[in-house]
*Asks:* 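Next up is a structure, given as structure tokens.
Since the model is a prediction, treat every value here as computed from it, not as a measurement.
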Amino acid sequence: MMVENQKVLRRCQWVSPPNLGWLLYSLDYKEIDYIWKSIENQKHNINNTLAGNISKSFELEDSNDWLFNHTLQPLIGVYHDQFKNLGINTPTLYEHPYVLSKWWVNYQKQYEFNPCHDHSGIYSFVIWLKIPVEFDDQNKDNIANTPIRSGFQIHYDDILGGHHTFTYELGKKYEGQLLFFPSKLRHEVFPFYDCDEDRISVSGNILLDETKELL
């Protein structure tokens with residue numbers, strides 16, 4: 001049987017259609033320091049504009065576009081190299097540059113959650129700054145076959161329409177990590193328990209700036 005398999009293999013091609021993915025990026029100390037300073041100057045509460053069942057979310061300002069120019073623009077370039085430029089699918093008359101549309105900080109308390117949702121934009125990101133619990137501790141007494149307390153979960157479909165998930169089992173090791181993904185990639189954040197500290201994260205959306213044209 002193995003011989004027959006080898007004969008077939010020599011005359012066979014296999015095709016794996018291109019698919020999209022996401023990036024996980026480790027922030028350096030300058031980037032983290034800048035983000036914390038931006039949080040110190042947070043603006044108004046924007047809970048009523050977000051999907052999350054989270055008590056406090058405040059808009060942030062990217063002073064002089066520092067985060068966009070230093071971190072997000074290079075990540076857009078990496079994403080284009082690894083996958084594709086998603087902006088070319090946007091029907092516009094001219095080519096436009098990318099811009100950080102809005103970013104905000106989330107203070108998630110125990111029991112709070114963010115239901116399955118996507119974002120408006122071309123690209124989005126989440127930054128985990130403070131994770132006060134460990135995934136394993138949260139799920140040590142969870143008898144379910146898919147322990148998910150305190151998890152961040154991505155949803156996607158395969159070529160046959162089958163639904164799949166990818167779970168980040170959040171704990172201290174993810175503090176200072178930035179997840180960069182297509183805005184339409186659906187994801188959700190599960191609650192944590194038995195902890196009075198806030199889980200602090202930052203999210204944002206990147207759009208095409210239709211007020212400007214690429215030369």
*Asks:* Taking the side chain from Asp158 and the backbone from Leu160, do they hold a donor-acceptor pair closer than 3.5 Å?
*Replies:*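 Yes: the side chain of Asp158 pairs with the backbone of Leu160.
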*Asks:* If hydrophobic clusters are built from ILVMFWY residues whose side chains come within less than 4.5 Å, do Leu178 and Leu24 share one?
*Replies:*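 Shared cluster, no.
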*Asks:* Quick check on the hydrophobic clustering: are Leu27 and Trp103 connected, directly or via other members, by side-chain heavy-atom contacts under 4.5 Å?
*Replies:*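 Yes, because Leu27 and Trp103 connect within a single hydrophobic cluster, where side-chain heavy atoms sit under 4.5 Å apart.
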*Asks:* So how far is it from Lys43 NZ to Phe58 CZ, rounded to the nearest 0.5 Å?
*Replies:*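 The NZ atom of Lys43 sits 13.0 Å away from the CZ atom of Phe58.
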*Asks:* Once you round to the nearest 0.5 Å, how far does CG of Leu185 lie from OG of Ser124?
*Replies:*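 Nearest 0.5 Å value for the CG-OG distance: 9.5 Å.
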*Asks:* So Asn114 and Glu188, side-chain contact (heavy atoms from CB on, under 4.5 Å) or not? Walk me through it.
*Replies:* CA-CA 5 Å; Asn114 211 329; Glu188 63 183 310; 5.7 Å; no
*Asks:* Kindly indicate whether the side chain of Gln177, heavy atoms from C-beta on, has any atom under 4.5 Å from the side chain of Leu179.
*Replies:*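 No, their side chains stay 4.5 Å or more apart.
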*Asks:* Looking at Leu75, Leu86, Val99, Ile76, which hits side-chain contact (heavy atoms from CB on, under 4.5 Å) with Ile206?
*Replies:*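 Checked Leu75, Leu86, Val99, Ile76 against Ile206; only one passes side-chain contact (heavy atoms from CB on, under 4.5 Å): Ile76.
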*Asks:* Is the count of non-hydrogen atoms from other residues, nucleotides or ligands lying under 6.0 Å from Ile159 atom CD1 greater than 12?
*Replies:*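 Counting neighbours around CD1 of Ile159, 12 or fewer heavy atoms of other residues, nucleotides or ligands fall under 6.0 Å, so no.
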*Asks:* Hey, is the main chain of Asp65 close enough, under 3.5 Å, to the side chain of Asn69 for a donor-acceptor pair?
*Replies:*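 A pair under 3.5 Å: yes.
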*Asks:* Hey, any chance Tyr174 and Val189 share a hydrophobic cluster, counting ILVMFWY side chains that come within less than 4.5 Å of each other, even indirectly?
*Replies:*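 Cluster IDs for Tyr174 and Val189 match.
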*Asks:* Identify the two heavy atoms, one from Lys184 and one from Ser120, that lie closest to each other, and give their separation to 0.1 Å.
*Replies:*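 In this case the closest contact between Lys184 and Ser120 is NZ-CA, 4.3 Å.
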*Asks:* Minimum heavy-atom separation for Gly21 to Phe83, with atom names?
*Replies:*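 Nearest heavy atoms, Gly21 then Phe83: N-CE2, 3.4 Å.
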*Asks:* Given the side-chain rings of Tyr123 and Tyr98, with only the six-membered ring counted for Trp, is the space between their centroids under 6.0 Å?
*Replies:*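 Distance test on ring centres: under 6.0 Å, yes.
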*Asks:* Given Trp22, which of Phe152, Phe180, Phe166 fulfils the ring pair (Phe, Tyr, Trp, His ring centres under 6.0 Å) condition?
*Replies:*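 Only one option passes, and that is Phe166.
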*Asks:* Under 3.5 Å, side chain of Glu59 to main-chain N/O of Lys102, donor-acceptor pair present?
*Replies:*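 No, the answer is negative, given that no donor and acceptor are paired below the 3.5 Å cut-off.
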*Asks:* Do the ring centers of His117 and His187 come within less than 6.0 Å of each other?
*Replies:*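 Yes, the ring centres sit under 6.0 Å apart.
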*Asks:* Asp141 vs Arg149, test: side-chain contact (heavy atoms from CB on, under 4.5 Å). Steps then yes/no.
*Replies:* CA-CA 11 Å; Asp141 61 346; Arg149 297 170 189 167; 2.8 Å; yes
*Asks:* State, with a plain yes or no, whether a side-chain heavy atom of Lys30 is found less than 4.5 Å away from one of Thr71.
*Replies:*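 A side-chain contact under 4.5 Å is absent here.
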*Asks:* When rounded to the nearest 0.5 angstrom, what is the spacing between CD in Gln42 and CD1 in Ile39?
*Replies:*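 Interatomic distance, Gln42 CD to Ile39 CD1, rounded to 0.5 Å: 7.5 Å.
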*Asks:* Is a donor on one side and an acceptor on the other found under 3.5 Å between the side chain of Arg186 and the backbone of His155?
*Replies:*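 Not confirmed, Arg186 side chain does not pair with His155 backbone.
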*Asks:* Report the residues that fulfil side chain to side chain donor-acceptor pair (under 3.5 Å) with Asp196, sequence neighbours left out, ordered by chain and then residue number.
*Replies:*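 With sequence neighbours excluded, Asp196 shows a side chain to side chain donor-acceptor pair (under 3.5 Å) to Gln110, given in chain and number order.
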*Asks:* When you group the ILVMFWY residues by side-chain heavy-atom contacts below 4.5 Å and let the links chain together, are Val105 and Leu170 in the same group?
*Replies:*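 Different hydrophobic clusters.
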*Asks:* Set out, in order, the CA-CA distance, both residues' side-chain angles and the distance that settles side-chain contact (heavy atoms from CB on, under 4.5 Å) for Tyr107 and Ile200, then state yes or no.
*Replies:* CA-CA 5 Å; Tyr107 298 91; Ile200 302 175; 3.9 Å; yes
*Asks:* Identify the two heavy atoms, one from Ser38 and one from Leu60, that lie closest to each other, and give their separation to 0.1 Å.
*Replies:*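 Taking Ser38 first and Leu60 second, the nearest heavy atoms are O-CD2, 3.6 Å.
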*Asks:* Flag yes if Val202 and Trp66 sit in one hydrophobic cluster, no otherwise; membership is Ile, Leu, Val, Met, Phe, Trp, Tyr, and two members link when side-chain heavy atoms are under 4.5 Å apart.
*Replies:*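 Both belong to a single hydrophobic cluster.
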*Asks:* Are Phe190 and Gln138 packed together at the side-chain level, in the sense that at least one heavy-atom pair is separated by less than 4.5 angstrom?
*Replies:*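 The answer is no, as the side chains (C-beta and beyond) never meet within the 4.5 Å cut-off.
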*Asks:* For a quick check under 3.5 Å, do Tyr34 and Asp62 share a side-chain donor-acceptor pair by atom type?
*Replies:*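 On atom types as modelled, these side chains qualify, holding a pair under 3.5 Å.
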*Asks:* So which heavy atom on Leu50 is nearest to which on Ser57, and how close?
*Replies:*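 Here Leu50 and Ser57 meet closest at CD1-CB, 3.6 Å.
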*Asks:* Within this structure, what is the CD-CG distance for the pair Glu95 and Asn85, rounded to the nearest 0.5 Å?
*Replies:*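 Reported to 0.5 Å precision, the distance equals 8.5 Å.
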*Asks:* Under the criterion ring pair (Phe, Tyr, Trp, His ring centres under 6.0 Å), which of Trp128, Phe135, Phe181 is the partner of Tyr168?
*Replies:*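 Going through the options one by one, the only one that passes is Trp128.
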*Asks:* Could you pull out the closest heavy-atom pair between Gly151 and Thr167, with the gap in Å?
*Replies:*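 It is CA-CG2, 4.5 Å.
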*Asks:* Taking it one step at a time, do Ser201 and Gln108 satisfy side chain to side chain donor-acceptor pair (under 3.5 Å)?
*Replies:* CA-CA 8 Å; Ser201 63; Gln108 181 183 354; 5.8 Å; no
*Asks:* Let me confirm one number: the OH-CG distance from Tyr111 to Asp194, rounded to the nearest 0.5 Å.
*Replies:*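 Interatomic distance, Tyr111 OH to Asp194 CG, rounded to 0.5 Å: 6.0 Å.
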*Asks:* Which atom pair, heavy atoms only, marks the closest approach of Gly87 to Ile122?
*Replies:*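 Shortest heavy-atom contact: N-CG2, 3.9 Å.
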*Asks:* Is the closest basic N to carboxylate O distance between Lys172 and Glu175 below 4.0 Å?
*Replies:*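 Between Glu175 and Lys172 there is a salt bridge, with a charged N closer than 4.0 Å to a carboxylate O.
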*Asks:* To the nearest 0.5 angstrom, please state how far the CG atom of Leu129 sits from the CD1 atom of Ile32.
*Replies:*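 It is 7.5 Å, given to the nearest 0.5 Å.
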*Asks:* Can you list the steps and then say if Lys37 with Ser63 is a side-chain contact (heavy atoms from CB on, under 4.5 Å)?
*Replies:* CA-CA 10 Å; Lys37 287 180 179 177; Ser63 179; over 6 Å; no
*Asks:* Do Lys84 and Leu20 have side chains that approach each other closer than 4.5 Å (heavy atoms only, starting at C-beta)?
*Replies:*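 A side-chain contact under 4.5 Å exists here.
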*Asks:* Check this for me: does any side-chain nitrogen of one of Asp136 and Lys140 sit under 4.0 Å from a carboxylate oxygen of the other?
*Replies:*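 No salt bridge links Asp136 with Lys140.
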*Asks:* Mark yes or no for whether Arg199, through its side chain, and Ser150, through its backbone, hold a donor-acceptor pair below 3.5 Å.
*Replies:*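 A pair under 3.5 Å: yes.
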*Asks:* Whether the side chain of Asn139 engages the backbone of Ile148 through a donor-acceptor N/O pair (distance < 3.5 Å, no angle test) should be reported.
*Replies:*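 Pair found, side chain donor or acceptor close to backbone of Ile148.
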